[in-house]
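The structure under discussion appears below in the form of structure tokens.
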Amino acid sequence: MAPRKRKKPIKKVKFQVTRSGIAGVGIVCFCLFLWMFLLGVWTGQSLLFSPVKGAKKVSVLEDSGKGNHVLDILVIEATKKKKIPNN
């Protein structure tokens, strides 16, 4: 009788990670997902709301020549509320 041929042992791959290693991988994944979320929001905002062309941006008060700057304050006050008739 012929001896049986032995099968080659299959090499198994094992990963051993400590709890601190798992926490580190979790923190890195969280930072990557947060970065991608913020990048996506920024891209979406710039695509949806493109800047208005021809708009003039003024960051300082213009001098009227008199040396005094007057800021008008607009005050809006509530008036009587309208009554909605019941039909």
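The first residue in the sequence is number 1, and the count goes up from there.
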State, to 0.1 Å, how close I22 and V17 come at their nearest heavy-atom pair, and which atoms those are. N-CG1, 3.6 Å
Donor-acceptor pairs are to be reported for all side-chain atoms of residues 5-16 against protein atoms at under 3.5 Å, with residues two or more places apart or in another chain.
none

Please tell me whether V41 and L34 are part of a single hydrophobic cluster in this structure, the criterion being side-chain heavy atoms less than 4.5 Å apart. yes
Go through the structure and list residues passing side-chain contact (heavy atoms from CB on, under 4.5 Å) with C31, not counting sequence neighbours. I27
Quick one: side-chain hydrogen bond (donor to acceptor under 3.5 Å, both in side chains) partners of T43, sequence neighbours excluded? none
Does one hydrophobic cluster hold both F33 and F30, with members joined at side-chain heavy-atom distances below 4.5 Å? no
Point-to-point distance, once rounded to the nearest 0.5 Å, from CG of L47 to CH2 of W42: 9.0 Å
